[in-house]
There are 4 protein chains.
Amino acid sequence: MPKLGMGPIRRRQLIDAAIASIHEYGLADTTVARIARKAGVSPGIVHHYFTGKDDLLFETMRQLLADLRADVVARYASARGPFERLNSVINACFGDVQFSPEVVAAWLGLYGTARQSERLQAILTIYHRRLRSNLVSDLRALVPPQEAARIAEGIAAMIDGLWVRYALMGGVDDPLIPRTLTRDYLTAALAQFDNKKKTR
Amino acid sequence: MPKLGMGPIRRRQLIDAAIASIHEYGLADTTVARIARKAGVSPGIVHHYFTGKDDLLFETMRQLLADLRADVVARYASARGPFERLNSVINACFGDVQFSPEVVAAWLGLYGTARQSERLQAILTIYHRRLRSNLVSDLRALVPPQEAARIAEGIAAMIDGLWVRYALMGGVDDPLIPRTLTRDYLTAALAQFDNKKKTR
Amino acid sequence: MPKLGMGPIRRRQLIDAAIASIHEYGLADTTVARIARKAGVSPGIVHHYFTGKDDLLFETMRQLLADLRADVVARYASARGPFERLNSVINACFGDVQFSPEVVAAWLGLYGTARQSERLQAILTIYHRRLRSNLVSDLRALVPPQEAARIAEGIAAMIDGLWVRYALMGGVDDPLIPRTLTRDYLTAALAQFDNKKKTR
Amino acid sequence: MPKLGMGPIRRRQLIDAAIASIHEYGLADTTVARIARKAGVSPGIVHHYFTGKDDLLFETMRQLLADLRADVVARYASARGPFERLNSVINACFGDVQFSPEVVAAWLGLYGTARQSERLQAILTIYHRRLRSNLVSDLRALVPPQEAARIAEGIAAMIDGLWVRYALMGGVDDPLIPRTLTRDYLTAALAQFDNKKKTR
DNA sequence: AATGAATGAGCCTTCATTCAT
DNA sequence: TATGAATGAAGGCTCATTCAT
């Protein structure tokens with residue numbers, strides 16, 4: 001929990017510096033000293049604004065989640081109808097932010113660390129639940145609940161799978177490719193359902 | 001004469017111990033001492049059989065890749081035709097081995113570390129290329145090259161996405177679910193192509 | 001604000017502790033922990049003020065050179081004429097400082113290590129060049145250049161030879177002995193030249 | 001003490017390998033493993049022929065002394081009269097062997113280590129005493145005892161001083177230089193005495 | 001609020017030595 | 001005699017954390 005009034009600016013500086021350090025050195029080689037240097041402050045300051053290194057890193061990962069959520073919400077604002085809302089999610093997950101080297105490094109670092117920490121694990125759990133619930137929510141406006149759950153599962157896997165493949169392979173040349181593949185999957189799934197309906 | 005031929009045995013012991021340690025403590029908190037203790041040997045012996053900790057960890061990750069490959073190859077043996085071969089890949093990727101906590105921990109650790117090491121990066125690159133080439137190879141017997149590439153991309157993403165989601169959420173209750181979802185995706189993609197063909 | 005200006009103080013403390021450790025344990029058995037203990041600080045602090053052990057040891061050896069130089073310069077201040085200046089050098093090289101067990105241990109340690117390190121080698125090179133140039137400079141006021149070079153070579157050898165013999169034999173009972181022997185060599189060399197001149 | 005009959009060949013192999021290692025890595029970085037590798041044997045063998053590493057190193061240093069002695073004795077054989085015998089000593093001390101990089105490295109290593117070990121110290125003590133006694137013995141045939149002692153002291157210092165300077169500066173271009181300087185010192189000292197005698 | 005000096009635990013690695021074979 | 005596997009004790013160094021200022 002952020003200690004309000006105690007300097008949200010410093011906190012954000014340090015979180016950004018942490019992300020920068022994870023990008024440059026990797027999570028394993030990210031030290032308090034390196035974060036502080038990148039933030040242009042002294043190493044000791046970290047313990048004024050965070051319980052310790054783990055806390056700063058936790059808040060850093062939470063920021064990733066918050067940024068992604070904010071991006072989705074922003075895109076929702078201009079979306080008309082459930083299909084466009086689904087696209088908002090897809091586009092946010094494959095947006096420039098999510099494929100930036102810094103963010104990629106941080107997420108992948110989280111992947112490799114979450115198992116050892118309940119708090120970090122929780123961040124990923126929230127991410128997964130939220131993604132699924134966002135998808136299901138809009139899919140239910142298009143197909144029956146059971147179908148919605150199944151399709152949401154598939155799209156979520158598609159999103160994570162394409163992201164992780166591109167992330168691990170060192171970025172993506174054309175960000176349209178994962179979007180297109182995922183959207184094709186979505187439209188195919190919806191079409192398949194429509195066909196079933198017609199057949200009946 | 002000292003005990004001869006201890007090399008391969010000790011090496012394998014240490015690799016297994018490394019995996020066990022990554023499972024129990026996480027990659028970041030896996031130390032040479034812990035690996036050695038799990039292997040029941042002294043810490044110094046590690047440098048008898050490996051250049052150093054990094055080397056042991058690299059070989060450990062390489063073992064993951066080799067084990068997966070061996071699993072696929074074994075399943076290929078009893079596969080009849082391209083469709084069954086595609087299923088061999090899917091089943092191997094979602095086999096009990098790949099979802100065992102030890103293997104999950106190791107792969108996820110690799111995800112979070114590969115960016116910092118060319119050698120580790122290479123392991124993931126080989127994994128990705130091999131998966132894709134395996135899929136494309138059999139899909140070409142069923143659909144035209146261009147379609148094969150597109151479908152392979154989708155299946156690979158599906159495999160990685162489902163695996164990573166289940167892996168991060170702490171394993172999978174029913175290993176049939178990811179297999180079914182992926183196979184549905186495959187059959188749908190093939191069916192879609194057949195429809196196109198018929199329509200023409 | 002933390003304690004300011006601790007840098008130079010700690011650095012000198014550690015250098016002195018290093019010399020003390022070399023004296024007590026020998027250069028080969030001088031460890032960071034031992035140096036720190038002698039300095040009354042924690043082992044980790046060494047890397048706050050020096051790049052590492054090698055750096056501290058290098059600075060330690062450099063201090064030897066600086067101390068010797070300072071001693072010579074101080075004696076120069078009260079020297080009248082070239083002959084007295086030559087004696088200043090001789091007296092400094094055979095002063096109490098240079099025969100103190102700590103300084104002896106450090107110089108001898110340097111002798112045995114310099115071959116493996118360019119930086120340490122450089123210290124000895126500077127010492128040798130400086131000694132020779134000091135001698136030559138004053139001898140030129142007494143004899144022709146060529147003679148000056150030859151005599152300087154001889155005196156330098158005399159100084160190093162007597163020092164090393166006494167150093168290796170565990171110090172010197174009467175520091176006047178090496179001084180006298182060297183001064184005799186000097187006066188004999190000068191007399192020899194004067195004789196030549198007269199003969200001509 | 002060499003264990004006779006237990007393999008003097010192996011012992012000598014190991015001593016030579018030790019010298020080679022001291023030359024290549026320095027005394028501080030000379031390990032049992034490196035010595036063994038240079039000797040083409042297994043690391044464990046060292047403890048069959050020597051009490052341990054220290055013992056091997058001690059015997060190595062003792063070999064240096066023995067080699068120098070043998071060289072002097074060999075030159076004595078063809079020397080006619082005390083003056084030539086004195087030259088034998090000078091020539092041996094400045095012979096190719098004593099200026100070879102391997103021998104230089106070993107002697108300098110001994111310089112830096114002797115203070116920590118009585119046994120090693122003893123080697124240097126023997127060297128110093130022997131050199132002095134050799135010189136005095138022959139000088140007594142030329143000058144009165146008191147003069148002989150003084151001149152011997154000077155020549156010994158000259159020998160050690162020139163050797164150490166050339167050794168530390170990375171070898172000697174012309175081995176004649178130190179010989180000439182020392183011989184000049186000797187002849188000058190003898191001439192000086194003759195003059196005194198004549199004057200009287 | 002902020003600094004950076006200082007601590008001390010822990011890690012990777014090296015190495016002399018031992019020992020079963 | 002000879003091997004090289006194996007041990008276990010340090011050693012140098014890093015680093016999160018604390019604290020006087």
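Every chain is numbered from 1 and lettered A, B, ... according to where its sequence line falls, protein lines coming before strand lines.
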Enquirer: Residues from residues 18-37 of chain D sitting under 4.0 Å of DNA chain F, heavy atoms only?
Expert: none
Enquirer: Measure from CG on B:Leu14 to C1' on F:dA5 and round the result to the nearest Å.
Expert: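 It works out to 13 Å between those atoms.
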Enquirer: Please pick, from E:dA6, F:dA2, F:dA6, the nucleotide with the shortest atom-to-atom distance to any side-chain atom of C:Ser42.
Expert: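 Nearest nucleotide to the side chain: E:dA6.
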Enquirer: Look at the side chain of C:Lys53 and decide which nucleotide, out of F:dC13, E:dT3, E:dT13, has an atom nearest to it.
Expert: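 Nearest to the side chain of C:Lys53 among the choices is F:dC13.
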Enquirer: Nearest heavy atom decides the nucleotide; on that basis, is B:Gly44 or C:Gly52 closer to the 5' end of DNA chain F?
Expert: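 Closer to the 5' end of DNA chain F: B:Gly44.
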Enquirer: Would you check, one step at a time, whether the test side chain to side chain contact (heavy atoms under 4.5 Å, CB included) holds for D:Leu27 with D:Leu57?
Expert: CA-CA 9 Å; D:Leu27 181 55; D:Leu57 252 23; 4.0 Å; yes
Enquirer: Taking atom CZ of C:Arg11 as the centre, does the number of heavy atoms from other residues, nucleotides or ligands within less than 6.0 Å exceed 12?
Expert: yes
Enquirer: Which part of the nucleic acid, if any, lies within contact of C:Phe50, taking any heavy atom under 4.0 Å across all strands shown: a base, the sugar-phosphate backbone alone, or nothing?
Expert: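 Here C:Phe50 touches no strand at all.
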Enquirer: Listed by chain and number, what are the salt bridge (charged side-chain N to carboxylate O under 4.0 Å, His left out) partners of B:Glu102, not counting sequence neighbours?
Expert: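 Once residues adjacent in sequence are excluded, B:Glu102 has no partner under the salt bridge (charged side-chain N to carboxylate O under 4.0 Å, His left out) criterion.
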Enquirer: Report the residues that fulfil side-chain hydrogen bond (donor to acceptor under 3.5 Å, both in side chains) with A:Arg12, sequence neighbours left out, ordered by chain and then residue number.
Expert: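 Listed in chain order: A:Asp16.
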Enquirer: Starting from C1' on F:dA16, measure out to CG on A:Leu57 and report it in whole angstrom.
Expert: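 Interatomic distance, CG of A:Leu57 to C1' of F:dA16: 12 Å.
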Enquirer: Quick one: OG1 on C:Thr113 to CD on C:Gln116, what's the gap to the nearest 0.5 Å?
Expert: 8.0 Å
Enquirer: If you assign each of C:Asp54 and B:Tyr49 to its closest nucleotide in DNA chain F, which residue comes earlier from the 5' end?
Expert: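 Mapping each residue to its closest nucleotide by heavy atoms, the 5'-most match is B:Tyr49.
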Enquirer: Mapping A:Gly40 and B:Ile45 to their closest nucleotides on DNA chain E, which lands nearer the 5' end?
Expert: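 In this pair, the answer is A:Gly40.
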Enquirer: Identify, with sequence neighbours excluded, every residue that meets side-chain hydrogen bond (donor to acceptor under 3.5 Å, both in side chains) alongside A:Ser21.
Expert: A:Thr30
Enquirer: Measure the distance from CG on B:Asp55 to P on E:dC12 and round it to the nearest whole Å.
Expert: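 That distance rounds to 14 Å.
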Enquirer: Among the nucleotides F:dA2, F:dT14, F:dA16, which one has an atom lying closest to any side-chain atom of C:His47?
Expert: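 The listed nucleotide nearest to C:His47's side chain is F:dT14.
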Enquirer: With a sphere of 6.0 Å drawn around CZ of A:Arg34, does it hold more than 12 non-hydrogen atoms of other residues, nucleotides or ligands?
Expert: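 Yes, enclosed.
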Enquirer: Look at all strands and tell whether C:Val41 reaches a base, only sugar-phosphate, or nothing, counting heavy atoms closer than 4.0 Å.
Expert: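 Sugar-phosphate contact only - C:Val41 comes under 4.0 Å of backbone atoms but never of a base.
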Enquirer: Test salt bridge (charged side-chain N to carboxylate O under 4.0 Å, His left out) on D:Arg119 and D:Asp55; report intermediate values, then the result.
Expert: CA-CA 10 Å; D:Arg119 304 171 79 199; D:Asp55 186 40; 3.4 Å; yes
Enquirer: Under the side-chain hydrogen bond (donor to acceptor under 3.5 Å, both in side chains) test, which residues partner D:Glu24, sequence neighbours left out?
Expert: D:Lys38
Enquirer: Grab the CG-C1' distance between A:Leu56 and F:dC15 for me, whole Å please.
Expert: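 Rounded to the whole Å, the gap is 15 Å.
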Enquirer: For DNA chain E, please output the secondary structure as dot-bracket, reading 5' to 3'. Pairs are Watson-Crick or G-U wobble, both atom distances under 3.5 Å; mark crossing pairs with [ ], other-strand partners with |, unpaired with a dot.
Expert: .||||||||||||||||||||
Enquirer: Can you tell me whether the side chain of A:His48 and the base of E:dA1 have a donor-acceptor pair closer than 3.5 Å?
Expert: no
